[in-house]
Number of protein chains: 2
Amino acid sequence: MKDYFNKIDNFIKSLDKETLDLLDNISTIREFKKNDYLLKHGSICQNSFLIKQGTVRKYHLFNGKEITTQLLFENEIAVAFNSYTLQVPSNEIIQALSNTIVLQTNYTLFQKAKKNNPKLLQLDLMITEYYTLWLENRFIEFQTLNATQRYLHLLQKHHKVIKTVPLTIIASYLGISLETLSRIRANI
Amino acid sequence: MKDYFNKIDNFIKSLDKETLDLLDNISTIREFKKNDYLLKHGSICQNSFLIKQGTVRKYHLFNGKEITTQLLFENEIAVAFNSYTLQVPSNEIIQALSNTIVLQTNYTLFQKAKKNNPKLLQLDLMITEYYTLWLENRFIEFQTLNATQRYLHLLQKHHKVIKTVPLTIIASYLGISLETLSRIRANI
DNA sequence: CGTGCACTTGATTGAAGTCAAGCGCTGTGG
DNA sequence: CCACAGCGCTTGACTTCAATCAAGTGCACG
């Protein structure tokens, strides 16, 4: 996983100037304030967001409750995968958890760029594979670990998270109630 | 989802002869008997398996219990994604649930073929995206539906399944115990 | 004909959810 | 400058869904 992240990084660094320029042309820097939405419910996800600075979450609503599906940090890419891939209205919402700077890349322009440049196709594939590896892992965690183990695992991976992200959001990311998370923390 | 499957299908049909020949050269038909392993625990997944006939499952072991991660039918592609993508030993096991005929495509040869043929890169991306869409859906089901709802949903999607696949496997696919599944079925 | 597999049914347990109350900040308006 | 509203979190009591343990049934087939 970590290795694969580096592989992508190296791949990007190895890209020729022409390809990098192409990418540059279809990307723009944008800033979001804490609690701003990068993508609202019902909109089509027409951009991917490479986070340069800040923290972001993806979530959806179910029975009036927020279910956090992903927490994202610097150098990670936030995208509502279903909406982005199928270009349909999104159930997922993307929100800044802090003031955030992103590099935004437009879907349609990226699709066009990929047509003429196999390197970008390959990049897209690698990024998608990386997300899928992450998602498989997360799913397996849910199938095999209990609430406490999932919390400890999150702590271990992203202990910085806990300091900035409200417990309500962490609980919903772990698929447990706020009260349960509170009790888990009380028992160290 | 369904639409995207058709999109891939159409894309394959639209491929030029050269590309199709290339694919043909790196693929072979293989047959497996019921209960045979297409991929064993600890092996590297060096092939993808397009199922031409039969039923297949993917599962892994946790605390001595089998956890079924995917059930696959005709025209679907079975692959241990983590092992295949990273070319590392697999935790997932792929097993035939009936006598099965597959079109097997070698990882390394496919990687080489993709280098010279962007169409194949694009195909790989589409197939990966399709798997990811499926996986996201499955994960959301686990987060939002209870055991009964998940069973009903499976019935609705694959009612044929229920007739051939043992309940033990269905239960582990639904993330519940055999007993619970039995009780759910008793309550219609 | 009996051994084992697939499934059912019953009794009990346990992990986490829900409902409810309360605490301690922070910040805002009177 | 205090007062109180609201948010973020904790704690307690109770409930619920599904797991586990334990028998038992019925069928297949060697």
Side-chain angles (χ1 to χ4, degrees), chain A residues 33-36 55 57 59-68 71 95-99 138-155 159-188, chain B residues 33-36 55 57 59-68 71 95-99 138-155 159-188:
Chain A
K33 293 274 170 219
K34 183 173 177 174
N35 296 328
D36 278 357
T55 310
R57 71 159 168 155
Y59 70 98
H60 59 257
L61 295 168
F62 185 78
N63 285 157
K65 271 184 299 190
E66 294 181 357
I67 300 180
T68 300
L71 296 167
Q95 185 184 30
L97 292 179
S98 66
N99 292 343
R138 176 155 157 78
F139 188 49
I140 289 170
E141 271 190 32
F142 265 78
Q143 285 181 315
T144 56
L145 305 183
N146 66 22
T148 306
Q149 292 169 324
R150 292 205 297 277
Y151 176 68
L152 291 174
H153 202 248
L154 178 65
L155 263 192
H159 56 102
K160 50 178 177 172
V161 182
I162 313 312
K163 282 153 195 160
T164 50
V165 180
L167 289 197
T168 314
I169 289 175
I170 293 173
S172 94
Y173 179 72
L174 294 172
I176 61 181
S177 68
L178 171 62
E179 294 93 325
T180 298
L181 179 55
S182 184
R183 279 184 254 268
I184 287 170
R185 286 158 57 89
N187 301 327
I188 298 162
Chain B
K33 293 274 171 218
K34 183 175 177 172
N35 296 328
D36 277 358
T55 309
R57 71 159 169 155
Y59 70 98
H60 59 257
L61 295 167
F62 184 78
N63 284 157
K65 269 183 300 188
E66 294 182 357
I67 299 180
T68 300
L71 295 168
Q95 186 184 30
L97 292 179
S98 66
N99 292 343
R138 177 156 156 80
F139 188 48
I140 289 170
E141 270 188 34
F142 265 78
Q143 285 179 316
T144 57
L145 305 183
N146 66 23
T148 307
Q149 293 169 324
R150 292 205 296 279
Y151 176 67
L152 290 174
H153 201 249
L154 178 65
L155 263 193
H159 57 101
K160 51 178 177 173
V161 181
I162 312 313
K163 283 153 193 162
T164 50
V165 180
L167 289 196
T168 314
I169 290 175
I170 294 173
S172 93
Y173 179 73
L174 294 172
I176 61 182
S177 69
L178 171 62
E179 294 93 325
T180 297
L181 179 56
S182 185
R183 280 185 254 269
I184 286 170
R185 286 159 55 91
N187 302 325
I188 301 164

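Order of the sequence lines sets the chain letters (A, B, ...), proteins ahead of strands, with each chain counted from 1.
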Nearest-neighbour nucleotide for the [X] side chain, [options] considered:
{"X": "A/Leu178", "options": "D/dA19, C/dA16, D/dT10", "value": "D/dT10"}
{"X": "B/Ser182", "options": "C/dT18, C/dC7, D/dC9", "value": "C/dC7"}
{"X": "A/Ile176", "options": "C/dC7, D/dT11, C/dG17", "value": "C/dG17"}
{"X": "B/Thr180", "options": "C/dC7, C/dG17, D/dA19", "value": "D/dA19"}
{"X": "B/Ala147", "options": "D/dA18, C/dA16, C/dT18", "value": "D/dA18"}
{"X": "A/Arg185", "options": "D/dT10, C/dC7, C/dG17", "value": "D/dT10"}

(request) Report yes or no: is there a donor-acceptor pair, N or O only, under 3.5 Å between the side chain of A/Arg183 and the base of C/dT18? (result)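 Yes, the side chain and the base share a sub-3.5 Å donor-acceptor pair.
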(request) Please confirm whether any donor atom in the side chain of B/Glu179 sits under 3.5 Å from an acceptor in the base of C/dC7, or the reverse. (result)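 No, the side chain and the base share no sub-3.5 Å donor-acceptor pair.
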Taking atom [atom2] of [N] as reference, at what distance in whole Å does atom [atom1] of [X] sit?
{"X": "B/Glu66", "N": "C/dC5", "atom1": "CD", "atom2": "P", "value": "13 Å"}
{"X": "A/Leu181", "N": "D/dT10", "atom1": "CG", "atom2": "P", "value": "8 Å"}
{"X": "A/Lys163", "N": "D/dC9", "atom1": "NZ", "atom2": "P", "value": "15 Å"}
{"X": "B/Lys65", "N": "D/dT20", "atom1": "NZ", "atom2": "C1'", "value": "9 Å"}
{"X": "A/Asn35", "N": "D/dG8", "atom1": "CG", "atom2": "C1'", "value": "14 Å"}
{"X": "B/Leu167", "N": "C/dC7", "atom1": "CG", "atom2": "P", "value": "4 Å"}
{"X": "A/Leu145", "N": "C/dA16", "atom1": "CG", "atom2": "C1'", "value": "16 Å"}
{"X": "A/Asn187", "N": "D/dG12", "atom1": "CG", "atom2": "P", "value": "11 Å"}

To the nearest 0.5 Å, tell me how far [X] [atom1] sits from [Y] [atom2].
{"X": "B/Arg150", "Y": "B/Ile170", "atom1": "CZ", "atom2": "CD1", "result": "13.5 Å"}
{"X": "A/Asn146", "Y": "A/Leu174", "atom1": "CG", "atom2": "CG", "result": "11.0 Å"}
{"X": "A/Phe139", "Y": "B/Ile67", "atom1": "CZ", "atom2": "CD1", "result": "9.5 Å"}

(request) State which residue, out of A/His60, A/Gln95, A/Arg57, fulfils the side-chain hydrogen bond (donor to acceptor under 3.5 Å, both in side chains) condition with A/Glu66. (result)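 Going through A/His60, A/Gln95, A/Arg57 one by one, the side-chain hydrogen bond (donor to acceptor under 3.5 Å, both in side chains) with A/Glu66 is satisfied by A/Arg57 alone.
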(request) Evaluate the side-chain contact (heavy atoms from CB on, under 4.5 Å) criterion for residues B/Leu71 and B/Thr55: first the C-alpha distance (whole Å), next the side-chain angles of each, then the deciding distance (0.1 Å), finally the verdict. (result) CA-CA 7 Å; B/Leu71 295 168; B/Thr55 309; 5.6 Å; no
